[in-house]
Amino acid sequence: MIRISNTMTRTKEEFVPLTPGEVRMYVCGVTVYDYSHIGHARSAIVFDVIRRYLTFKGYRVTFVKNYTDVDDRIIRRANEAGVSAREYAERFIAAEREDMASLGVLAPDIDPKATEHVAEMIELVERLVDDGHAYPVEGDVYFAISSFPPYGRLSGRNLDELLAGARVEVDERKRDPRDFALWKGAKPGEPYWDSPWGPGRPGWHIECSAMAMKYLGPSFDLHGGGEDLIFPHHECEIAQAEACTGKPFARYWAHNGMVNMGKEKMSKSLGNTLNINEMVTRHSPDALRLWMLGTHYRNMLEWSEERVVESARALERLTRLRHDAAAVRAGGAPASLPPAFAEFRPRFEKAMDDDFNTPQALGVLFDFGRGLAEARDRGGAPAAFVAGVDELVQLARVLGLFGRDAAPDGPPPEVQRLLAARGEARARRDFKRGDEIRDEIARLGWLVEDTPAGPRLTPKGR
RNA sequence: GGCGGCGUAGCCAAGUGGCUAAGGCGGAGGUCUGCAAAACCUCUACUCAGCGGUUCGAAUCCGCUCGCCGCCUCCA
């Protein structure tokens with residue numbers, strides 16, 4: 001049984017999908033006006049892991065993640081750059097896809113763009129207007145908050161507090177200052193679509209309601225995103241969707257914590273971001289992922305290059321096991337998982353079942369790793385060791401780690417030649433020469449270690 | 001001001017009523033080695049921000065205090 005923290009109820013609840021054996025989930029993607037940063041990476045990795053785990057548990061998962069490709073900032077920056085908004089957005093959509101692939105994040109089943117669903121949004125707005133939930137004013141359309149009493153439930157605020165809040169913008173044309181835009185009339189120089197209210201473009205919130213319902217139906221299982229989207233974005237999504245269909249929108253709401261730079265949230269508006277494309281040149285995707293998953297997804301995570309380096313170091317112990325297993329795999333017949341290693345999968349699942357507790361799940365993996373290393377050093381049954389490593393890798397892959405095969409490239413002939421020469425020198429007990437050759441091999445990028453079974457070559461930086 | 005969250009070892013971080021307070025990094029000692037590296041073993045929080053309270057029993061529940069963060073505006 002999977003339990004999940006539901007932002008809507010603020011409790012951990014048993015996860016029961018609407019259709020047995022099937023999960024439909026929607027996650028809010030990025031607004032594509034700049035490169036994606038570490039904060040976006042966290043959200044992506046968190047929901048990637050949730051998706052992978054649900055799949056691992058046997059659910060048929062449909063995963064939708066959108067692109068917001070029309071927005072004030074896209075338009076402004078595209079104008080500055082002298083290209084169309086569409087062209088500008090496409091550039092960053094391509095970059096985002098590359099970034100996600102480089103992080104080992106699985107592509108969504110569907111990744112709809114807002115601009116390709118304007119018709120659905122117009123239809124949704126029309127229905128809201130017809131039903132008295134929305135009203136047009138001079139080419140704009142606003143959602144009438146007073147027509148939807150549950151507004152504020154997700155974020156835990158009541159309508160009076162919102163009014164009292166100092167930062168509600170005053171717009172005389174709105175009936176109520178808390179009303180929000182569903183449709184924005186086009187200003188000169190802006191891209192637009194024709195609508196019953198004149199040329200314009202959709203508001204931000206409406207796109208997610210429209211696309212989620214188009215691909216997942218009026219009611220679906222899990223809606224995710226960063227916790228900074230709870231209000232107003234997700235609140236508005238609910239209002240639009242439920243006012244329109246009269247059906248409950250998402251059953252469970254999951255929100256990931258922010259990545260902080262120092263004490264402050266990393267965000268594009270604060271200008272303190274670290275882009276993914278730069279980070280993946282400095283750190284392996286697995287190190288970044290291990291670092292992120294070492295903190296529960298709902299907690300704040302402070303950026304620290306040192307922590308990532310530590311994670312890379314921790315990872316090496318497990319990576320070593322993979323290499324060692326690969327080295328002996330060729331030898332014997334495959335074995336089934338020995339009983340000594342049977343405890344780890346249930347422990348792993350127990351951790352993950354409890355609101356996707358990746359820090360605890362990783363603890364299990366490291367315990368497993370210790371057990372395997374011990375078995376390896378004891379000698380004995382290599383096939384059992386290999387079977388154990390296979391199990392470990394399977395579990396790690398549920399977290400998106402070890403996506404690439406261990407099969408290392410063999411050492412180049414030059415390195416092999418040097419290794420043989422070193423062996424001869426050492427046999428003569430000419431350790432000085434041996435050490436020189438070891439340094440030479442190191443310069444070629446390979447680490448030499450002497451084990452009871454002979455020298456072992458490992459490519460550096462793995 | 002309103003709403004939500006956090007404060008656990010040198011650092012990071014699980015644990016949210018009762019076995020020895022996970023795991024990672026770092027540190028100390030040991031085994032192995034020509035040396036090294038790696039690996040393995042042992043040790044590294046009598047204590048969970050502070051103070052009260054509830055309870056047979058609390059890091060875990062309640063209250064207060066202190067410190068920090070997020071949202072209330074675009075934001076993953």
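The sequence lines fix the lettering, A, B, ..., with proteins before strands; numbering per chain opens at 1.
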What integer number of Å spans the [atom1] atoms of [N] and [M]?
N      : M      : atom1 : value
A45(B) : G24(B) : P     : 15 Å
C69(B) : G23(B) : P     : 32 Å
C32(B) : G26(B) : P     : 23 Å
A49(B) : G2(B)  : P     : 25 Å
C64(B) : U54(B) : C1'   : 15 Å
C51(B) : A14(B) : P     : 24 Å
G57(B) : G53(B) : P     : 12 Å
A21(B) : U60(B) : P     : 15 Å

Within the 6.0 Å centroid threshold, strictly below: Phe220(A) and Phe249(A):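 Yes, the ring centres sit under 6.0 Å apart.
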
In whole Å, what is the span from the [atom1] atom of [X] to the [atom2] atom of [N]?
X         : N      : atom1 : atom2 : result
Phe431(A) : C35(B) : CZ    : P     : 9 Å
Met292(A) : C12(B) : CE    : P     : 18 Å
Asp324(A) : A39(B) : CG    : C1'   : 9 Å
Ile38(A)  : A76(B) : CD1   : C1'   : 12 Å
Leu372(A) : A38(B) : CG    : P     : 20 Å
Leu318(A) : G23(B) : CG    : P     : 14 Å
Leu301(A) : C12(B) : CG    : C1'   : 10 Å

| Is RNA chain B part of any stem, that is, at least 3 consecutive Watson-Crick or G-U pairs with both distances under 3.5 Å, and where? |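 Paired runs of 3+ in RNA chain B: B:1-7 with B:66-72, B:10-12 with B:23-25, B:26-31 with B:39-44, B:49-53 with B:61-65.
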
Any base atoms under 4.0 Å from [X], or only sugar-phosphate, or nothing? Heavy atoms, all strands.
X         : answer
Glu306(A) : nothing
Ser155(A) : sugar-phosphate
Val364(A) : nothing
Val309(A) : nothing
Asn260(A) : sugar-phosphate
Gly257(A) : base
His233(A) : nothing
Leu229(A) : sugar-phosphate
Ser269(A) : base
Arg378(A) : nothing
Glu374(A) : sugar-phosphate

Query raised in the report: Rounded to the nearest 0.5 Å, how far apart are CZ of Phe15(A) and CD1 of Ile50(A)?
Result: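 Result: 9.5 Å between the selected atoms.
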
If you measure from CZ on Phe143(A) to NE2 on His205(A), what distance do you get to the nearest 0.5 Å?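 Phe143(A) CZ to His205(A) NE2: 11.0 Å, rounded to 0.5 Å.
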
For [N], does either OP1 or OP2 sit under 4.0 Å from a side-chain N or O belonging to [X]?
X         : N      : result
Arg317(A) : C25(B) : yes
Arg178(A) : C72(B) : no
Asn299(A) : G70(B) : no
Lys432(A) : C35(B) : no
Arg298(A) : C6(B)  : no

Stretch residues 249-256 of chain A: residues that reach within less than 4.0 Å of RNA chain B through a heavy atom: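 RNA chain B contact set from residues 249-256 of chain A: Asn256(A).
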
Does a side chain donor of either [X] or [Y] reach within less than 3.5 Å of an acceptor in the other side chain?
X         : Y         : result
Arg76(A)  : Tyr33(A)  : no
Glu305(A) : His283(A) : yes
Asp355(A) : Tyr297(A) : yes

Exercise for the section: Under the salt bridge (Lys or Arg N to Asp or Glu O under 4.0 Å) rule, what do Asp353(A) and Lys57(A) come out as? Steps first, then yes or no, please. Expected result: CA-CA 10 Å; Asp353(A) 280 350; Lys57(A) 291 289 270 189; 3.2 Å; yes

Has the side chain of [X] got a donor or acceptor atom sitting under 3.5 Å from an opposite partner on the base of [N]?
X         : N      : result
Asp435(A) : G34(B) : yes
Arg320(A) : A39(B) : no
Asp450(A) : C35(B) : yes

Establish, for the pair Arg322(A) and Phe402(A), whether the NZ or CZ atom is under 6.0 angstrom from the six-membered ring centre and no further than 45 degrees off its axis.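 Yes, cation above the ring, under 6.0 Å and within 45°.
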
Fill in: Nucleotide nearest Lys265(A) (side chain, heavy atoms from C-beta), chosen from C35(B), G24(B), C71(B)
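Of C35(B), G24(B), C71(B), C71(B) is nearest to the side chain of Lys265(A).
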
Ring of Phe366(A) versus six-membered ring of G23(B): centres under 5.5 Å and planes under 30°?
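No, Phe366(A) does not stack on the base of G23(B), since the centre distance and plane angle fail the 5.5 Å and 30° test.
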
Is it true that atom NZ of Lys12(A) has more than 12 heavy atoms of other residues, nucleotides or ligands lying nearer than 6.0 Å?
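Check passes, neighbour count above 12.
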
